[in-house]
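Just so it is clear, the model here is predicted, and its values are computed rather than measured.
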Amino acid sequence: MLSIYWCEDDAEQLAIYSDIIKNYLMMADVTANFVGGFTDPTSLIQTIKNDRPDGSLFFLDIEYQNQSVNGMDLSEQLREQLPNAQFVFVSTHSELVYLTIQRRLEPLGFIFKDDGIEKLKKTVVEDIKYAYEKYMSILSSSNNVFEYQFGGQVNYVPFFDVYYIETMDQPHKVTLYYKDGSVIFNSSIKKIQNKYSKLFRSDSGFLVNLNNAVKLDSERRTISFPNGGEVNVSVRNLHKAKSILNSLGKF
């Protein structure tokens with residue numbers, strides 16, 4: 001999942017920026033989460049140390065009042081923690097753009113506060129879309145993404161967010177359960193298994209990502225997942241499931 005952060009020392013402005021992102025993500029077809037807004041760089045750095053995201057986008061003000069670091073310094077510190085982090089710099093001073101280039105910070109983009117709220121909204125949305133495309137491209141190139149077709153377009157879910165796939169009573173339809181919910185699309189368990197060999201066939205009607213399993217009940221022959229869902233495990237596959245889970249350091 002792409003995690004989004006905003007660091008702005010003006011609390012009133014930060015609330016406006018946060019609402020822009022929240023409102024967009026409510027309707028957007030992207031696997032992204034707005035972690036929150038931060039009024040000082042120190043609290044943002046601490047949050048990253050405690051919860052390291054697999055993909056990240058930071059909106060950083062270039063200048064902070066009464067702080068020992070500016071947005072450019074902050075971006076360097078964040079990239080030390082997160083090599084693939086993406087940044088958008090926010091400022092009222094267009095002349096500071098050159099400094100980010102001079103320091104080879106490679107920002108995703110720039111937002112100028114004086115451009116007005118409507119243009120700012122448009123730029124924020126465009127930056128999130130572009131950052132998400134880059135994030136998914138990295139996952140796809142490393143085979144760490146699950147791909148499916150829905151509504152006439154190709155969609156992607158980070159593989160580590162996939163829980164399990166269940167066949168449906170309707171022919172050629174399956175349900176994908178993942179970290180952010182579920183989706184029904186046209187396919188079959190056999191087709192998906194042929195394409196994604198790392199998914200485990202627990203039963204004739206299920207493919208599971210054992211990395212996300214939270215419990216194996218040998219008596220009931222079920223595997224549980226963080227969303228509260230359970231899948232069946234056939235008698236013949238129970239021992240294999242146990243062996244794989246043990247090798248993953250589970251339970």
Side-chain angles (χ1 to χ4, degrees), residues 1-25 28 30-139 142 144 158 160:
M1 179 182 292
L2 180 68
S3 297
I4 303 173
Y5 309 77
W6 199 307
C7 191
E8 162 65 57
D9 57 0
D10 185 311
E12 189 174 335
Q13 289 184 11
L14 181 60
I16 294 172
Y17 303 152
S18 299
D19 284 343
I20 291 172
I21 294 178
K22 290 175 185 176
N23 291 337
Y24 169 66
L25 293 182
V30 296
T31 309
N33 173 49
F34 181 55
V35 179
F38 300 81
T39 54
D40 69 274
T42 303
S43 59
L44 175 55
I45 289 290
Q46 191 58 51
T47 297
I48 295 303
K49 287 181 179 178
N50 294 336
D51 184 20
R52 297 171 66 89
D54 56 273
S56 55
L57 170 62
F58 297 89
F59 291 88
L60 305 177
D61 201 342
I62 292 184
E63 296 179 304
Y64 299 111
Q65 297 294 323
N66 304 316
Q67 296 290 333
S68 59
V69 299
N70 58 37
M72 291 177 284
D73 301 327
L74 178 57
S75 71
E76 291 177 329
Q77 292 181 29
L78 290 168
R79 191 157 274 159
E80 287 178 5
Q81 303 277 340
L82 306 167
N84 292 323
Q86 302 181 71
F87 303 100
V88 174
F89 288 115
V90 186
S91 181
T92 55
H93 303 286
S94 58
E95 68 274 10
L96 295 177
V97 171
Y98 175 72
L99 292 178
T100 67
I101 297 172
Q102 191 176 48
R103 291 176 62 166
R104 303 181 189 280
L105 299 177
E106 300 179 352
L108 185 76
F110 300 93
I111 292 176
F112 301 112
K113 297 179 182 180
D114 293 341
D115 284 344
I117 191 65
E118 291 307 317
K119 186 170 182 180
L120 188 145
K121 284 181 183 179
K122 184 173 182 291
T123 306
V124 168
V125 168
E126 289 174 348
D127 288 337
I128 293 174
K129 287 180 178 178
Y130 185 47
Y132 183 72
E133 288 174 3
K134 288 187 66 177
Y135 166 62
M136 295 308 296
S137 177
I138 292 171
L139 290 180
S142 59
N144 281 327
F160 37 75

Test your reading of the model: is there a side-chain donor-acceptor pair from [X] to the backbone of [Y], 3.5 Å cut-off?
{"X": "Thr47", "Y": "Ser43", "value": "yes"}
{"X": "Asp73", "Y": "Asn70", "value": "yes"}
{"X": "Tyr135", "Y": "Met1", "value": "yes"}

Looking only at non-hydrogen atoms, find the nearest pair between [X] and [Y] and report the distance.
{"X": "Lys49", "Y": "Gln81", "value": "CE-NE2, 3.9 Å"}
{"X": "Cys7", "Y": "Leu44", "value": "CB-CD2, 3.9 Å"}
{"X": "Ile62", "Y": "Ser91", "value": "CD1-CB, 3.9 Å"}

In Å, rounded to the nearest 0.5 Å, how long is the span from [atom1] of [X] to [atom2] of [Y]?
{"X": "Ser56", "Y": "Leu82", "atom1": "OG", "atom2": "CG", "result": "4.5 Å"}
{"X": "Phe34", "Y": "Phe59", "atom1": "CZ", "atom2": "CZ", "result": "9.0 Å"}
{"X": "Gln77", "Y": "Met72", "atom1": "CD", "atom2": "CE", "result": "13.0 Å"}
{"X": "Gln86", "Y": "Ser75", "atom1": "CD", "atom2": "OG", "result": "13.0 Å"}
{"X": "Asp40", "Y": "Tyr64", "atom1": "CG", "atom2": "OH", "result": "9.5 Å"}
{"X": "Asn33", "Y": "Leu2", "atom1": "CG", "atom2": "CG", "result": "9.0 Å"}

Pair up each side-chain donor or acceptor in residues 113-128 with any protein partner under 3.5 Å, not counting sequence neighbours, and list the distances.
| unit_1 | atom_1 | unit_2 | atom_2 | d |
| --- | --- | --- | --- | --- |
| Lys113 | NZ | Glu8 | OE1 | 2.8 |
| Lys113 | NZ | Gln13 | OE1 | 3.1 |
| Lys113 | NZ | Asp61 | OD2 | 2.9 |
| Lys122 | NZ | Glu126 | OE2 | 2.6 |
| Thr123 | OG1 | Lys119 | O | 2.9 |

Checklist entry - Mind checking what makes ring-ring contact (aromatic ring centres under 6.0 Å, His included) contact with Tyr5, not counting sequence neighbours? => result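 By the ring-ring contact (aromatic ring centres under 6.0 Å, His included) rule, Tyr5 matches Phe58.
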
Next on the checklist: Can you list everything that forms a ring-ring contact (aromatic ring centres under 6.0 Å, His included) with Phe89? Sequence neighbours excluded, please.
Outcome noted: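 Applying ring-ring contact (aromatic ring centres under 6.0 Å, His included) to Phe89 gives none.
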
Checklist entry - Would you call the rings of Phe110 and Phe112 parallel, tilted or perpendicular if under 30° counts as parallel and over 60° as perpendicular? => result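 Geometry flag for Phe112 against Phe110: parallel rings.
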
Next on the checklist: Is there a side-chain contact (heavy atoms from CB on, under 4.5 Å) between Val69 and Thr42? Walk through the geometry before answering.
Outcome noted: CA-CA 9 Å; Val69 299; Thr42 303; over 6 Å; no

Item to check | Residue pair Leu14, Trp6: steps toward the side-chain contact (heavy atoms from CB on, under 4.5 Å) verdict | outcome: CA-CA 8 Å; Leu14 181 60; Trp6 199 307; 4.0 Å; yes

Next on the checklist: Show, in sequence, the C-alpha distance, side-chain angles and deciding distance for Lys129 and Tyr24, and conclude whether the side-chain contact (heavy atoms from CB on, under 4.5 Å) test is met.
Outcome noted: CA-CA 10 Å; Lys129 287 180 178 178; Tyr24 169 66; 3.2 Å; yes

Checklist entry - Should Ile4 and Leu25 be marked as a side-chain contact (heavy atoms from CB on, under 4.5 Å) after you check the CA-CA gap, both sets of side-chain angles, and the distance that decides it? => result CA-CA 10 Å; Ile4 303 173; Leu25 293 182; 4.3 Å; yes

Checklist entry - Does atom OH of Tyr130 have more than 12 heavy-atom neighbours, drawn from other residues, nucleotides or ligands, at distances under 6.0 Å? => result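 No - once you tally the heavy atoms of other residues, nucleotides and ligands closer than 6.0 Å, there are 12 at most.
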
